[in-house]
Enquirer: 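Quick one: structure below, then a few questions.
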Amino acid sequence: MRILGRDAVRTALTGLESAVLDAVRSAYVLHGQGHSNLPFSSFLRPPRPTGSRIISLPAYLGGPEPVMGLKWISSFPTNVNQGLQRASSVQILNDLETGYPQALLEGSQISASRTAASAALASGVLHGRRPVRTVGLVGCGTINHRVLTYLTVTHQDIETVVLQDVVPGRAEVFAAELAAEHPGIAFRTGEVADALGADTVSVATTDSTYWLDLADFPDRPAGQVILHLSLRDLNTASVLSSYNVVDDIEHAVREQTSLHRAEQEVGHQDFVHAEIATVLGWTDPPATTDTIVFSPFGLGVLDLAVAQAVLKAADRVGLGTDIEGFDPGSHRVTAAMSGSAA
């Protein structure tokens, strides 16, 4: 079995943005065409620390290069108080013929990259030919760091980024870090209203209190796209007043997401207007004057597709370690029978 740890995955992902975007786009299209098997993810919520969870996402993705496996990802928000990353993850890929484990990859960077790539793809297609010059980042963590990287690929007209975070000082540190990575872009910090004045807004927080009411911010630009990545920030009224795009309706409208709460209130899912697999085929933005909200639940097929791209990149430069002993070995009786027959 091939093992790729944190450093190997980071190296493989460096400069791989275009390949990741292609992998995510292809995975969405294949899933939309029915070439996937995607059971609902399962949530394990330990009693402590409060708000913590571990999610398992099994998946199969077909197409020209089929792949199957499991993503096992934890989210412990209190980690950040100790200077640790909130999320950790491993990605397992299984052999398609035997089912044996084939590769084990550090998965948090893969997860962040696929989330960011899906957000950037959605922003690109939902804006159509409209230029995106301003970006708002609500939440200054790993996800929005990666989101901006991918947004600069899909929107090369970005001039200004506004950052907001509830923790004092975090936005300023984040702005300085991003400014060093993207010298052609102006970064400034502000309040939620400032961030929500941008063409594209990425909301990636650890808050699950449905605190954000878009009606409180009436001066937002026409054609705005909100990337609702943390899924539980928007209140029900905001969902119902928006043009909603999801990755998969059955996955996104569950587990007390903002969309799920909206369904519980109105008794239907008619407020979801499109899935991303369909939207990716459009050349123009949706014909609506409402705010456009993309709420991706996070499909395991995306992690498979990105992990496969990472493995290919790793193979090209010899990254990773092959470890013996992660298969069960031969079957004693049938192996003996095969030997005697020979």
Side-chain angles (χ1 to χ4, degrees), residues 1-27 54-55 57 59 67 69-77 79-80 82-93 101-121 137 139-154 161 163 170 173-183 185 187 202 204 206 229 298-323 326:
M1 183 169 70
R2 176 66 62 87
I3 308 290
L4 268 70
R6 177 188 64 232
D7 293 340
V9 172
R10 179 184 298 118
T11 300
L13 279 169
T14 301
L16 203 65
E17 288 82 10
S18 293
V20 170
L21 284 165
D22 289 343
V24 169
R25 179 188 294 272
S26 176
I54 306 179
I55 312 173
L57 293 88
V67 59
L70 172 74
K71 172 185 177 181
W72 179 246
I73 183 166
S74 71
S75 173
F76 279 51
N79 281 358
V80 297
Q82 306 171 57
L84 302 174
Q85 291 280 357
R86 172 189 60 82
S88 63
S89 177
V90 292
Q91 177 76 47
I92 301 171
L93 301 184
Q102 186 177 44
L104 175 68
L105 302 90
E106 193 285 315
S108 67
Q109 298 171 90
I110 291 171
S111 182
S113 294
R114 66 85 153 142
T115 299
S118 70
L121 283 172
L137 301 180
C140 295
T142 298
I143 296 299
N144 267 343
H145 187 168
R146 200 64 63 94
V147 165
L148 182 63
T149 297
Y150 280 86
L151 284 175
T152 62
V153 178
T154 57
V161 176
L163 304 97
R170 183 179 290 173
V173 173
F174 195 45
E177 181 180 354
L178 293 177
E181 297 176 11
H182 305 279
I185 298 175
F187 293 87
S202 177
T206 57
L229 305 184
L299 305 181
V301 291
L302 305 187
D303 297 272
L304 293 178
V306 175
Q308 195 171 55
V310 166
L311 274 177
K312 288 180 181 179
D315 285 341
R316 288 195 293 268
V317 294
L319 294 171
T321 304
D322 290 318
I323 303 293
F326 278 87

Enquirer: Could you check whether any side-chain heavy atom of V80 comes within less than 4.5 Å of a side-chain heavy atom of R170, counting everything from C-beta outward?
Expert: yes
Enquirer: Looking only at heavy atoms, what is the nearest atom pair of A117 and V20, with distance?
Expert: CB-CG1, 3.8 Å
Enquirer: For G298 and L57, work out which heavy atoms get closest and say how close.
Expert: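 It is O-CD2, 3.4 Å.
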Enquirer: Look only at the side chain of S89 and the backbone of W72, and say whether a donor-acceptor pair between them is shorter than 3.5 Å.
Expert: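 Yes; at least one donor-acceptor contact below 3.5 Å.
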Enquirer: Could you check whether R10 pairs with D7 (Lys NZ or Arg NE/NH1/NH2 to Asp/Glu carboxylate O, under 4.0 Å)?
Expert: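 Answer for the salt bridge query: yes.
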Enquirer: Could you tell me if the side chain of E181 sits less than 4.5 Å from the side chain of T152, heavy atoms only?
Expert: no
Enquirer: Output all residues satisfying ring-ring contact (aromatic ring centres under 6.0 Å, His included) with Y150, sequence neighbours left out; order by chain, then residue number.
Expert: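 Y150 satisfies ring-ring contact (aromatic ring centres under 6.0 Å, His included) with no other residue.
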Enquirer: Under 3.5 Å, side chain of N79 to main-chain N/O of L84, donor-acceptor pair present?
Expert: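 Between the backbone of L84 and the side chain of N79 there is no qualifying donor-acceptor contact (under 3.5 Å).
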Enquirer: Indicate yes or no for a side-chain donor-acceptor contact from S113 to the backbone of I110 under 3.5 Å, with no hydrogens or angles considered.
Expert: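 Checking the backbone N and O of I110 against the side chain of S113, no donor-acceptor pair under 3.5 Å is found.
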Enquirer: Are the side chains of R146 and T115 in contact, using a 4.5 Å heavy-atom criterion?
Expert: no
Enquirer: If you compare all heavy atoms of G139 against all heavy atoms of N144, which two are closest, and at what distance to 0.1 Å?
Expert: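 Smallest interatomic distance, heavy atoms only, reads O-ND2, 2.7 Å.
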Enquirer: Nearest 0.5 Å please: distance from the CE atom of M1 over to the CD1 atom of I92.
Expert: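 Answer rounded to 0.5 Å: 7.5 Å.
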Enquirer: How about Q85 and S108: does a side-chain donor come under 3.5 Å of a side-chain acceptor?
Expert: no
Enquirer: Would a distance-only check, ignoring hydrogens and angles, find a side-chain to backbone donor-acceptor pair under 3.5 Å from R2 to L319?
Expert: yes
Enquirer: What heavy-atom pair brings E17 and L13 nearest, and what distance separates the two atoms?
Expert: OE2-O, 4.4 Å
Enquirer: Hey, are the side chains of I323 and L104 touching, using non-hydrogen atoms and a 4.5 Å cut-off?
Expert: no
Enquirer: Residues in side-chain hydrogen bond (donor to acceptor under 3.5 Å, both in side chains) with Q109, at least two apart?
Expert: E106
Enquirer: With the side chain counted from C-beta on, respond yes when S202 and L229 share a heavy-atom pair under 4.5 Å apart, and no when they do not.
Expert: yes
Enquirer: Indicate yes or no: at least one non-hydrogen side-chain atom of L148 is less than 4.5 angstrom from one of F187.
Expert: yes
Enquirer: Side chains of V306 and V310, heavy atoms from C-beta outward: is any pair under 4.5 Å?
Expert: yes
Enquirer: Could you report the tightest heavy-atom contact between A309 and L16, atom names first, then the distance?
Expert: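 Nearest pair, atom of A309 first, then L16: O-CD2, 4.0 Å.
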Enquirer: Heavy atoms, side chains only, cut-off 4.5 Å: are K312 and D315 in contact?
Expert: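 A side-chain contact under 4.5 Å is absent here.
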